[in-house]
Peer 1: 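Below is one structure. I have some questions about it.
This chain uses plain numbering: 1 for the first residue, then up along the sequence. Heavy atoms only: backbone and side chains are in, while hydrogens, waters and symmetry mates are out. Bear in mind the structure is a predicted one, so any value in this text is a computation, not a measurement.
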Amino acid sequence: MVAVLIFIVLPLVLIVVAWRMKPLVPRDGRPGDAVGGSLVAGVMFGSHGLEPDPVSVPEDTEAIRFDLSDVKARE
């Protein structure tokens with residue numbers, strides 16, 4: 001009976017309570033921060049004051065080419 005309570009009932013109760021809880025920090029309305037992560041991080045670690053990028057842009061990088069022609073083969 002104790003095992004049923006610990007491994008089935010308790011996790012289900014915790015999941016239901018987690019879905020019903022009100023968040024401690026309101027969600028941030030700025031674009032680029034879907035769940036208010038920067039607001040929470042700013043509260044915990046100090047805010048840097050920068051706005052998030054509205055659209056992330058990948059960097060333009062070139063593939064690295066290795067020249068192994070000078071390497072001798074093992075004998």
Peer 1: Could you work out, with side chain to side chain contact (heavy atoms under 4.5 Å, CB included) as the rule, every residue matching F66, not counting sequence neighbours?
Peer 2: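 Per chain and number, F66 pairs via side chain to side chain contact (heavy atoms under 4.5 Å, CB included) with I64, L68.
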Peer 1: Hydrophobic clusters here meaning ILVMFWY residues chained together by side-chain heavy-atom distances under 4.5 Å, can you tell me if V2 and V9 are in one?
Peer 2: no
Peer 1: Suppose clustering is done on Ile, Leu, Val, Met, Phe, Trp and Tyr with side-chain heavy atoms closer than 4.5 Å. Which residues sit in the same group as L14?
Peer 2: L10
Peer 1: For V16, enumerate each residue passing the side chain to side chain contact (heavy atoms under 4.5 Å, CB included) test, keeping only those at least two apart in sequence or located in another chain.
Peer 2: R20
